[in-house]
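Indexing begins at 1, ligand by ligand and atom by atom, following the structure's order.
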Amino acid sequence: MSLENDLQRAADIINEAESVTVVSHIDADGISTEAILAQALAREGIPVTSVFVRQLEPMAMRHVPKDGSLKLFADLGAGQQNLLEEHGLSADEVLILDHHVGQPCGTLYPQVNTLDHGITRMSAAGVAYMVAKAIDSTNIDLAKLAVIGNVGDMMARENCGLVGPAREIVSDGVEYGNILVRDHDLNCYGTSTRPIHTCLGYCDDPYIDGISNNTNAALRFLERLGVELKNPRGGWLVWEELPFDDRRTIISALVQQLIAYGRDTDRLLAETYIFPDEPERTPLRNASEYATLLNACGRWAKPRTGSSICHGERGEAYRDAEQMLAHHRTVIRDLLQYILEAGVTELSHLQYIHTGDRFPDTIVGIGAGMALSKLNWKKPMMVLSAMVDEPEMTKVSMRTNEWAIARGVDLQEALVEAAAEVGGAGGGHRIAAGAFIPHDTEEVFVDGVNRILKRQFAQADTDDC
Ligand code: C5P
Ligand code: C5P
Ligand code: C5P
């Protein structure tokens with residue numbers, strides 16, 4: 001079936017439902033996915049209830065109600081179809097909207113999975129948006145939420161941003177008027193919220209010698225360029241507010257600085273997505289900061305706060321989210337520092353660290369991704385962490401990069417296989433995957449993953465010949 005047919009079938013299933021339960025994931029993509037679906041369904045007058053889960057695992061299935069509603073699994077489900085079957089769900093009460101690698105079972109659940117159509121750079125929010133648009137073509141105001149999901153799940157391509165069907169979603173938002181695209185923009189966190197020297201001083205990917213980790217030096221660097229850094233009232237401007245020419249002047253100087261220190265300039269620039277309908281100088285103003293805000297809500301157990309924000313609520317929910325965002329960013333920094341200071345154990349084909357119960361298992365994957373670029377980036381990175389609420393289980397998160405993928409690495413395959421060998425369960429993508437395993441099998445499991453990665457690297461070598 002073509003993608004269009006899959007989308008139309010999904011829209012038909014939803015339109016015929018008396019009521020819907022959306023089961024979604026707690027990260028930025030999962031929250032924006034839920035918000036798209038809940039709004040699109042409410043507009044059709046279909047009653048919706050939402051359930052957020054950390055991961056679709058046996059314990060989480062308790063939260064899936066046994067009632068007559070259509071169960072809409074979004075940003076999860078494709079990799080856990082056997083669980084749906086074990087839970088007694090039949091094909092006519094389930095719809096899966098996902099972008100994770102599927103693990104089919106005996107029941108043929110209806111689904112839209114972009115991977116089935118060769119689309120790798122699309123988040124679940126993008127899938128949800130395409131379904132919302134198939135339900136009613138006027139739903140294009142929701143494109144903005146799909147862009148947040150795509151950016152949150154890192155679906156953009158370095159240098160050219162969102163591509164393929166994800167690009168068409170951006171165009172819908174531009175047409176509707178709630179997205180502005182800036183190409184070759186500064187790829188630093190805080191371009192809508194932080195004074196420019198703070199934004200640059202906190203940026204360490206890419207590492208800019210003489211600027212990264214030193215906001216005072218960053219300020220002196222900017223002052224030497226003669227760019228106006230303050231508004232007429234004397235307050236600091238943020239990057240987004242700078243005139244075009246000043247942004248170019250600063251970017252040229254940063255490029256020169258990187259080149260002078262023999263560093264790669266690739267990561268300095270990215271396409272950014274600005275939301276002109278949101279209040280200025282808030283994290284809601286661009287896709288990257290908005291996604292981080294949602295991640296903060298979800299990973300700190302308040303996905304509903306994130307969802308309310310996506311629905312347009314701005315009062316108490318927003319203040320709550322801002323606090324979680326500040327906390328989230330502090331803990332992520334601590335996590336990265338811990339990994340770098342404690343050091344990883346290197347095996348032949350992977351590197352790993354066990355963070356014990358120091359950090360919540362919901363954020364260790366983010367740390368794995370950040371640490372990878374600072375460690376041996378050729379070896380896939382694994383973080384193991386204790387699950388406080390399920391002490392007999394260990395959470396595993398892995399991250400790799402395009403370099404390793406081009407050499408045959410597939411973390412989803414490796415974790416599914418190695419987890420199954422020890423009685424656990426894994427899933428995800430080639431580039432980012434996770435698993436839950438019994439805690440007394442950690443050693444065997446790590447060795448198993450190393451063995452599978454060795455096989456994957458070797459296989460690709462043979463394929464090349
Ligand atoms: O749950 P889920 O699919 O949403 O998680 C995907 C994860 O993969 C995210 O944490 C995202 O940051 C990560 N990712 C990555 N590198 C990419 C693409 C995605 O680390 N190139
Ligand atoms: O939790 P983490 O961010 O490391 O997850 C990386 C990817 O692996 C996500 O796409 C997540 O949905 C998936 N995952 C999974 N099964 C698990 C844990 C994570 O499919 N048990
Ligand atoms: O877009 P491109 O085809 O270059 O994607 C490179 C690889 O990254 C693909 O194999 C894709 O499956 C993988 N990827 C992924 N999960 C993501 C992002 C990219 O598996 N979240």
Is the cationic atom of [X] (NZ for Lys, CZ for Arg) positioned less than 6.0 Å from the six-membered ring centroid of [Y] and within 45 degrees of its normal?
X: K144; Y: F275; value: yes
X: R194; Y: Y202; value: yes
X: R329; Y: Y189; value: yes

Is V396 in polar range of ligand 2, meaning some N or O pair under 3.5 Å apart?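 Between V396 and ligand 2, no N or O pair is found under 3.5 Å apart.
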
Would you say G426 and ligand 2 have an N/O pair spaced under 3.5 Å apart?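 Checking ligand 2 against G426, no N or O pair falls under 3.5 Å apart.
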
Non-hydrogen atoms of Q412 versus ligand 2: any pair closer than 4.0 Å?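 It does not, in that no heavy atom of Q412 comes within the 4.0 Å cut-off of ligand 2.
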
Measuring from the heavy atoms of A435, does anything fall under 4.0 Å of ligand 2?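 The answer is yes: ligand 2 sits under 4.0 Å from a heavy atom of A435.
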
Which residues share a ring pair (Phe, Tyr, Trp, His ring centres under 6.0 Å) with H25, sequence neighbours left out: none

If the condition is ring pair (Phe, Tyr, Trp, His ring centres under 6.0 Å), which residues does H184 pass it with, not counting sequence neighbours? none

Report, in ascending order of atom number, the atoms of ligand 1 lying under 4.0 Å from any heavy atom of R399.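 Within the 4.0 Å cut-off of R399, ligand 1 contributes 10 (O), 13 (C), 20 (O).
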
Counting neighbours of NZ on K302 that are heavy atoms of other residues, nucleotides or ligands and sit closer than 6.0 Å, is the number greater than 12?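 Atom NZ in K302 is not crowded, with 12 or fewer foreign heavy atoms closer than 6.0 Å.
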
Over 12 foreign heavy atoms within 6.0 Å of CD, E443: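 No, CD of E443 has 12 or fewer neighbouring heavy atoms, counting only those of other groups under 6.0 Å.
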
If hydrogens are left out, which of [options] has an atom nearest to [atom], that is, the closest non-hydrogen atom?
atom: atom 12 (O) of ligand 2; options: M382, H100, R54; answer: H100
atom: atom 19 (C) of ligand 1; options: D153, D29, D75; answer: D153
atom: atom 7 (C) of ligand 1; options: A432, A125, G434, G79; answer: A432

Could you establish whether H99 and ligand 1 come within less than 4.0 Å of each other, counting only heavy atoms on the residue side? yes

Under 4.0 angstrom from ligand 1, any heavy atom of M155?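 No, that is not the case, since the closest heavy atom of the residue is not under 4.0 Å from the ligand.
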
Number the atoms of ligand 2 from 1 as they appear, then name those within less than 4.0 Å of a heavy atom of K395, with their elements. 1 (O), 2 (P)

Q337 vs D334, side-chain hydrogen bond (donor to acceptor under 3.5 Å, both in side chains): CA-CA, chis, key distance, verdict: CA-CA 5 Å; Q337 204 175 344; D334 290 351; over 6 Å; no

